[in-house]
**Q** 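Attaching a single structure in structure tokens format; questions to follow.
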Amino acid sequence: MDDKKVRVRYAPSPTGFLHIGNAQSALFNYLFARHFNGTMVLRIEDTDTKRNVKDGEESQRENLHWLGIDWDEGPNKPNPKYAPYRQSERNKKGIYHKYIQELLDKGLAYKDYSTEEELAEMRERQRANNEAPHYDGRWYGKSKEEQKAAEAKGLKPTIRFHLPKDHEYEWNDIARGHVSFNSDNLGGDFIIEKSDGMPTYNFAVVVDDHTMDITHVLRGADHISNTPKQIAIYEALGWEHPTFCHIPLIFNPKTRKKLSKRDKDTLQFISEYKKHGYLHEAIFNFIAFLGWSPVGEREIYSKDELIKVYDPKRMSKAPAYFDQKKLDWMNAQYIKSMSVEELTDRTMELVKEGETEEAKRLQSIPEEQLKNLIMKTIHVHQRDVNKLLEVIEYVWSYYNVLDENFNYDLIKDNEDFNNDDVLAVLTGLKEKLENGADDYSQAIKEVGKATGVKGRGLYFPLNLAFTGSTSAPQIYEIMDIYSRDTDIELLDRMIKALQA
Ligand code: GLU
């Protein structure tokens with residue numbers, strides 16, 4: 001790394017909520033900044049006013065926080081040297097127009113009074129001639145008189161950047177190596193200021209990255225074709241461009257295309273992972289491996305470890321396939337390694353937030369009882385759940401166990417089991433509970449001894465009695481989730497069903 005102090009930025013457009021693709025850009029910028037002891041900047045690119053959504057910026061901020069990504073400068077943490085951090089506010093201060101004017105004065109940009117209809121007709125003609133769509137430069141070099149005549153008609157111009165002919169724009173990309181584009185293949189002179197006075201993305205981003213002293217631009221590979229246009233502007237303004245790194249896009253393994261918001265089978269917004277009970281540590285770890293990997297086979301890394309081992313040279317060029325199984329596996333690893341107390345707190349948090357139907361319905365359970373239920377459920381299921389939403393679902397089914405109608409036919413019509421033995425086990429355990437036994441594991445063992453029934457003969461009926469399923473985790477732990485009265489009632493129901 002060169003001596004210049006590293007400054008990177010994550011620059012979302014608040015046109016939607018924090019998506020896994022955005023989070024991936026934010027995360028690599030974050031790792032880069034923290035690894036090199038640099039500065040992480042949050043800049044809001046809100047010039048596309050029609051596409052901005054309400055709460056878009058807020059969603060970015062909240063979900064980044066949840067992921068554990070913070071920044072040193074941004075709208076809520078301004079450094080006076082660089083503020084403001086929203087492009088709409090920067091535009092009001094005339095930051096962009098000043099440079100637009102400079103390009104106009106130098107003859108490197110010009111006003112284009114073409115109407116929408118004219119442009120559409122131009123594109124249509126190009127399509128008919130099998131030409132790649134491009135602006136044909138019709139307003140380049142027009143006289144002041146021609147411009148005045150257009151103004152007199154009430155036309156509002158856009159401002160276009162004039163691209164030199166047959167010029168190579170090239171750079172050394174951290175992830176992609178040498179990349180180059182010829183100016184003749186960039187779609188012609190492009191708009192840098194819209195007719196409403198707003199700069200376009202390709203212009204504003206250059207002015208901002210330069211005036212904010214950004215040293216490295218890490219962003220999604222979908223921006224590669226914008227980079228030559230931006231380099232053209234750096235050159236025209238006599239500025240050095242930052243080092244670029246185009247982060248691999250996330251692909252859907254089923255479609256083998258870029259993950260799309262239409263791919264309904266994949267969770268894609270960070271808020272969705274959160275509400276399904278993925279742990280932020282696991283999501284952070286998972287995303288860090290989308291387009292990058294450390295040396296070796298190990299896959300579980302804490303945030304601090306990732307900051308330490310992060311090496312931008314290991315950014316990949318190939319697309320990153322989204323692997324749901326791996327995400328679930330990773331989340332399960334984090335769940336296994338966390339304390340029951342911590343998992344209980346996080347599950348309680350999900351219930352309080354009530355962002356899913358499953359979580360919301362638990363709000364009807366009194367808090368102390370709920371906490372206790374969650375804790376015991378986690379104790380039983382920590383080893384077998386992939387996400388906390390599953391804990392929430394278990395809690396609800398345990399809480400409502402008496403409303404269920406278990407099907408005891410599985411055992412009634414099963415030749416492997418002797419009805420008398422089963423009844424002896426069930427009544428034996430019921431008696432022990434009625435007599436106050438509180439070590440359930442011990443009680444089951446004693447019943448086994450007293451009845452001479454063991455192994456599957458003992459546990460299969462008990463699993464069925466307490467969970468309605470024949471395979472269950474440690475049954476004495478499940479018994480401990482319910483109240484004693486519920487345990488007795490469940491045994492009683494099965495006894496009656498077998499006696500009928
Ligand atoms: N606002 C752009 C986006 O959300 C940022 C691209 C860049 O980092 O230059 O895609």
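First listed ligand is number 1; within each ligand, the first listed atom is number 1. Note that the structure is a prediction, hence the values are computed from the model and not measured.
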**Q** Please determine if D72 and R34 form a salt bridge, counting it only when a charged side-chain N lies under 4.0 Å from a carboxylate O.
**A**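 Judged by the 4.0 Å cut-off on N to carboxylate O distance, D72 and R34 do form a salt bridge.
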**Q** Determine whether the aromatic ring centres of Y99 and W239 lie less than 6.0 Å apart.
**A**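 Between Y99 and W239, the centre distance is under 6.0 Å.
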**Q** Quick check on ligand 1: any N or O pairs to the protein under 3.5 Å? One line per pair.
**A**
residue  : atom   : partner : partner atom : Å
ligand 1 : 1 (N)  : A11     : O            : 2.8
ligand 1 : 1 (N)  : S13     : OG           : 2.9
ligand 1 : 1 (N)  : E45     : OE1          : 2.6
ligand 1 : 8 (O)  : R9      : NH1          : 2.7
ligand 1 : 8 (O)  : R9      : NH2          : 3.3
ligand 1 : 9 (O)  : R9      : NH2          : 2.9
ligand 1 : 9 (O)  : Y201    : OH           : 2.7
ligand 1 : 9 (O)  : R219    : NH1          : 2.9
ligand 1 : 10 (O) : H223    : NE2          : 2.7

**Q** Between the side chains of S59 and N63, does any donor sit under 3.5 Å from an acceptor?
**A**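 Short answer, yes.
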**Q** Decide if the gap between the ring center of H241 and the ring center of Y169 is smaller than 6.0 angstrom.
**A**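 So the answer is no for these two rings.
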**Q** Are Y110 and Y140 close enough that their ring centers fall under 6.0 Å?
**A**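 Yes; Y140 has its ring centre under 6.0 Å from that of Y110.
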**Q** Could you check whether the rings of F36 and F32 sit parallel, tilted or perpendicular, using 30° and 60° as the cut-offs?
**A**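 Tilted.
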